[in-house]
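Notes follow the structure.
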Amino acid sequence: MTEATGASGLPRPNDFYPSRVGGEGQVLERKDPVVHRPAAWVAEPGPLRPPQLLSFEREGFLFRERFLSKAEARALAEELRRELEHRASDPSPELVREPESDEIRSIFCVHRNHPSFARLAADRRLVGIAQQLLGSRVYLHQSRVNLKPGFAGKEFYWHSDFETWHVEDGMPRMRALSVSINLTENYPFNGPLMVMPGSHHHYISCPGTTPENHHLVSLRRQESGVPDRDTLRWLAERGGIAAPTGPPGSVLFFDCNVMHGSNGNITPLARSNVFFVYNSVDNALVEPFGGLAPRPEYIASRDSTPVGMD
Ligand code: 6CS
Ligand code: FE
């Protein structure tokens, strides 16, 4: 097993984004572009126009209400309802339960187990944007439905996905994109995704180290790999907090390193979104930089076969 840190406790030589290497938290500069435009990537002009690219570069996210049709969103929500009925007591690890109840919090790997989610993950309206922002063909690093059920849906504390994917999955550089699609109405009051605009320009290196099999805990309630309160306050003061809301079919595209989270849901109205994570085929996973065993395939795919745009 490669060591995350050498005998001196320093991070691996090729680790551009050391975190959880036993020290204090640190604010580091981002070393990767936000919108990737490698000379070698000569593709048809992407769907995003220059002002949208500028906004994504600056803010780290782009929200489009009603990006998919209501009918499409309704069909996906119906497929999700059937899945929940069918797998309510399924012990499979792909079904993550809420920390304080037996309610399902997340279902991972939906693009592998459901034709409609697989089709959507390969849809050129999504893949076209992912390829444009990441400057290459893309593959699916992860897919999941976060259900945030009514009354029982607990919070997702502030975090950068990239920090986890780098330390626990071995994602080398910041060249991945998350796409969150509303399956139910995301209201201001039922725990919509919150992002800190501009937070993706800094890498928050987290203190401490990573427990073995951390995903068995972190997917229910993340406590390692989260920034301290002073850093979160600093990021929020710099760029504020945005919580895009909208009907089923609305889509939030966000950079892998943007600080985000969501509050608990005490309303009767579930806030269920499906997430597809596109990684550049030139950024495939290596050994986890945290020095632990790689997380299971249903959380972090090691199959970098390009998706969509055939
Ligand atoms: O660890 C992960 O990969 C998951 N955890 C969070 C809180 N967001 C990204 C992803 O679903
Ligand atoms: Fe996340």
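Side chains included, hydrogens not; waters and symmetry mates left out as well; all remaining heavy atoms used. For ligands, and for the atoms within them, numbers begin at 1 and follow the listed sequence. Counting from 1, the numbers follow the sequence of the chain as shown.
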side-chain contact (heavy atoms from CB on, under 4.5 Å) with Arg173: which of Asn279, Asp282, Asp32? Asp32
Quick one: are the ring centres of Tyr17 and Phe162 less than 6.0 Å apart? yes
Please determine if Glu78 and Arg81 form a salt bridge, counting it only when a charged side-chain N lies under 4.0 Å from a carboxylate O. yes
Are Arg125 and Glu72 ion-paired here, with the side-chain N under 4.0 Å from a carboxylate O? yes
Do you see a donor-acceptor pair shorter than 3.5 Å between the side chains of [X] and [Y]?
X: Asp303; Y: Thr305; answer: yes
X: Asn146; Y: Ser106; answer: yes
X: Glu79; Y: His114; answer: yes
X: His260; Y: Asp161; answer: yes
X: Ser180; Y: Asn273; answer: yes

Pocket residues around ligand 1 (non-hydrogen, under 4.0 Å) come out as Gln142, Arg144, His159, Asp161, Thr164, Trp165, Leu219, Gln222, Arg295
Counting only protein N/O/S, how many atoms fall short of 2.8 Å from the Fe ion (ligand 2)? 3
